[in-house]
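Please read the structure below before turning to the comments.
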Amino acid sequence: MTIVDGIDPATGKGISIEIADGVIAAIRSADGKNASYISAGLIDLQVNGFRGLDLNSGKLTSNTLLSLCEELLSVGVTSWLPTLITASESSLLSALETIANSRCDHRLIEEMVAGLHIEGPSISGEDGPRGAHPLAHVRAPSIAEFERWQKVSGGLVKMVTLAPEHDGTLDYIRFLSAHGVVVALGHTAATPAEIHSAAEAGATVSTHLGNGASAMLARHPNFIWAQLADDRLTATLIADGWHLPADAFKAMLRAKGIERTILVSDMVALAGMPAGLYEQAVGGSVEVSSEGRISIAGTPYLAGASLPLCANVAIATAMAEIPLAVALRLATENPGRLLGGRGRLEVGARADLVRFDWAEGAHALEIRETWVRGEKRFQR
């Protein structure tokens with residue numbers, strides 16, 4: 001840790017700045033009683049929607065995408081991957097084209113949208129691991145279809161989540177990996193052998209490990225143990241307290257290690273919406289509880305995540321008993337490695353920054369200001 005003493009130019013009062021491992025700076029008053037923090041902006045690799053804005057409604061517009069960027073700034077996200085789930089090819093191509101055109105038309109979208117994440121359509125067709133993805137559009141992987149995605153989006157697809165048990169998956173993984181695309185394993189009922197073969201072929205990530213899975217699994221072997229054990233795979237985890245119990249989150253973090261763990265929000269359109277019943281294009285009748293839990297109405301099954309990454313970071317500190325700087329690394333530097341090195345708080349890095357308040361035990365970082373490439377884009 002580096003400590004620098006100085007003067008607050010706004011107040012003329014003495015301050016000290018503590019910089020921890022290029023991830024977080026704590027700005028404290030001279031008496032040490034008050035503190036705020038600056039870190040690299042949060043990076044979310046999995047966002048389906050937020051506050052009523054839906055990427056998977058089939059009606060995506062440039063205004064929707066711009067509004068999503070603005071809403072994400074308010075919760076400290078400076079880079080993100082719009083995530084499109086299993087759908088018909090025509091629907092995916094339409095959304096991809098809209099996102100590509102929107103990046104050309106709006107500088108904020110261009111700066112924040114670092115690529116696209118396609119979650120599917122080559123996932124498990126089984127109830128349970130398929131989650132809320134529509135069965136009618138689950139299909140085997142196709143290199144030709146992937147090339148059509150890239151053609152219409154201008155090469156924006158940076159991450160693809162799939163289930164490795166489909167025929168032809170290994171050749172598909174090799175092709176995507178050779179073209180610089182991150183291949184992730186998720187929504188799967190694969191055998192351990194299929195998991196390890198996929199990693200050998202070039203898969204490098206496990207999507208929301210422990211979720212998108214059958215409720216009942218063999219104690220061992222199973223695909224969760226296999227992914228935890230395979231050091232070629234980095235695990236993304238949802239630390240909202242609902243998707244993974246604290247013990248499971250803590251054990252998974254210890255198994256993968258800090259360097260091979262990433263936090264994602266996996267927020268859906270109903271994240272941040274009032275409690276009630278909603279009819280959704282994906283999932284049908286969906287309920288938002290008074291606590292914010294999103295589930296398929298009348299069932300115990302989750303229908304997406306409701307908490308932004310700034311909440312996942314805070315909750316992770318409590319669930320895994322880790323320092324704030326460590327939890328932030330899981331949402332800045334680690335995902336940033338998949339996006340060309342974003343997410344560092346250091347001289348010469350992209351000036352994607354967030355200032356926030358936080359007290360131990362709080363369930364979210366309180367975002368005060370957010371900068372994108374050195375330009376203040378949000379202030380509370």
Side-chain angles (χ1 to χ4, degrees), residues 45-46 85-86 117 119-133 135 138-141 159-170 172-174 176-177 182-264 266 295-296 299-305 312 316 319-320 330:
L45 302 180
Q46 193 164 3
I85 72 163
T86 301
H117 178 180
E119 187 183 2
S122 302
I123 58 170
S124 172
E126 296 182 16
D127 291 345
R130 191 181 72 256
H133 289 233
L135 178 59
V138 172
R139 53 192 180 272
M159 185 172 181
V160 173
T161 292
L162 53 79
E165 56 265 37
H166 284 282
D167 291 340
T169 297
L170 297 184
Y172 186 74
I173 292 173
R174 293 186 190 101
L176 268 59
S177 299
V182 175
V183 177
L185 309 180
H187 288 280
T188 179
T191 65
E194 288 167 333
I195 294 294
H196 297 310
S197 293
E200 181 67 26
T204 57
V205 170
S206 298
T207 289
H208 50 50
L209 188 59
N211 298 112
S214 297
M216 299 294 290
L217 294 174
R219 287 178 301 164
H220 42 73
N222 64 52
F223 56 82
I224 293 179
W225 289 117
Q227 290 177 85
L228 287 172
D230 199 314
D231 290 340
R232 294 167 293 192
L233 297 172
T234 290
T236 71
L237 304 176
I238 304 171
D240 61 2
W242 291 309
H243 280 77
L244 293 172
D247 287 347
F249 176 78
K250 188 174 184 179
M252 287 182 175
L253 181 61
R254 288 179 172 179
K256 298 310 297 186
I258 298 301
E259 293 301 313
R260 290 192 297 272
T261 303
I262 291 170
L263 295 180
V264 294
D266 196 21
S295 60
I296 297 174
T299 80
Y301 301 117
L302 291 164
N312 279 250
M319 288 205 300
L330 308 181

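Sequence positions, counted from 1, serve as the residue numbers for this chain. Keep in mind that what you see is a predicted model, and the values were worked out from it rather than measured.
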task = Flag the pair Leu263 / Phe249 as yes when at least one side-chain heavy-atom distance between them is below 4.5 Å, and no otherwise.
result = yes
query = Under the side chain to side chain contact (heavy atoms under 4.5 Å, CB included) criterion, do Val183 and Leu162 qualify, and how do the steps go?
reply = CA-CA 8 Å; Val183 177; Leu162 53 79; 4.0 Å; yes
request  = For atom CZ of Arg254, decide whether the heavy atoms of other residues, nucleotides or ligands shown that lie under 6.0 angstrom number more than 12.
outcome  = no
request  = On the 0 to 90° scale, with breaks at 30° and 60°, tag the His208-His187 ring pair as parallel, tilted or perpendicular.
outcome  = perpendicular
request  = Would you indicate whether the side-chain heavy atoms of Asn222 and Pro192 approach each other to under 4.5 Å?
outcome  = no
Any donor-acceptor N/O pair, Ser124 side chain to Glu126 backbone, under 3.5 Å = yes
ask   = Under the side chain to side chain contact (heavy atoms under 4.5 Å, CB included) criterion, do His196 and Arg232 qualify, and how do the steps go?
value = CA-CA 9 Å; His196 297 310; Arg232 294 167 293 192; 4.1 Å; yes
inquiry  = Minimum heavy-atom separation for Met252 and Leu244, please, with both atom names.
reply    = SD-CD1, 4.1 Å
key: Minimum heavy-atom distance between Ala140 and Ser122, given as atom pair plus value   = C-OG, 3.2 Å
message = Let's go through Thr234 and Ile262 carefully: what are the C-alpha distance in whole Å and the side-chain angles of both, what is the deciding distance for side chain to side chain contact (heavy atoms under 4.5 Å, CB included) to 0.1 Å, and is it a yes or a no?
response = CA-CA 7 Å; Thr234 290; Ile262 291 170; 3.8 Å; yes
task = Calculate, to the nearest 0.5 Å, the distance between atoms OG and CG belonging to Ser214 and Asp127 respectively.
result = 9.0 Å
ask   = CG/Leu233 to CD1/Ile195 distance, rounded to the nearest 0.5 angstrom?
value = 7.5 Å
inquiry  = So Arg260 and Asp231, do their side chains get closer than 4.5 Å, heavy atoms only?
reply    = yes
key: pair Leu185-Val205: side-chain heavy atoms closer than 4.5 Å   = no
key: Any donor-acceptor N/O pair, Arg174 side chain to Ala201 backbone, under 3.5 Å   = no
inquiry  = A side-chain contact here means heavy atoms from C-beta on lying under 4.5 Å apart; do His133 and Glu119 qualify?
reply    = yes
ask   = Quick one: are Pro121 and Val138 in side-chain contact, heavy atoms under 4.5 Å?
value = no
task = With side chain to side chain contact (heavy atoms under 4.5 Å, CB included) as the test, would you mind laying out the steps for Leu330 and Leu253 before giving the verdict?
result = CA-CA 10 Å; Leu330 308 181; Leu253 181 61; 4.1 Å; yes
message = Please check this pair: side chain of Lys256 against backbone of Gln227, looking for a donor-acceptor N/O pair closer than 3.5 Å.
response = yes
inquiry  = Keeping Thr299 on the side-chain end and Ile296 on the backbone end, is there a donor-acceptor pair under 3.5 Å?
reply    = yes
message = Quick one: does any side-chain atom of Trp225 pair with a main-chain N or O of Arg219 as donor and acceptor, under 3.5 Å?
response = yes
note = Nearest heavy-atom contact between Asp230 and Ala199 is OD2-CB, 3.5 Å
Donor-acceptor contact below 3.5 Å, side chain Ser177 vs main chain Gly202 = yes
message = Under the side-chain hydrogen bond (donor to acceptor under 3.5 Å, both in side chains) test against Thr161, which residue among Thr236, Thr188, Thr207 passes?
response = Thr207
task = Determine yes or no for a side-chain-to-main-chain donor-acceptor pair under 3.5 angstrom, with His117 supplying the side chain and Leu45 the backbone.
result = yes
inquiry  = Show the nearest heavy-atom pair for residues Glu165 and Glu194, with the distance to one decimal.
reply    = CB-OE1, 3.6 Å
query = Does a side-chain heavy-atom distance below 4.5 Å link Asp240 with His243?
reply = yes
task = Answer whether the closest heavy-atom distance between the side chains of Ile123 and Thr86 falls below 4.5 Å.
result = yes
task = Please report the closest heavy-atom contact between Thr169 and Pro141, naming both atoms and the distance.
result = OG1-CG, 3.8 Å
request  = For residues Phe223 and Ala213, report the shortest heavy-atom separation together with the two atoms involved.
outcome  = CZ-CB, 3.6 Å
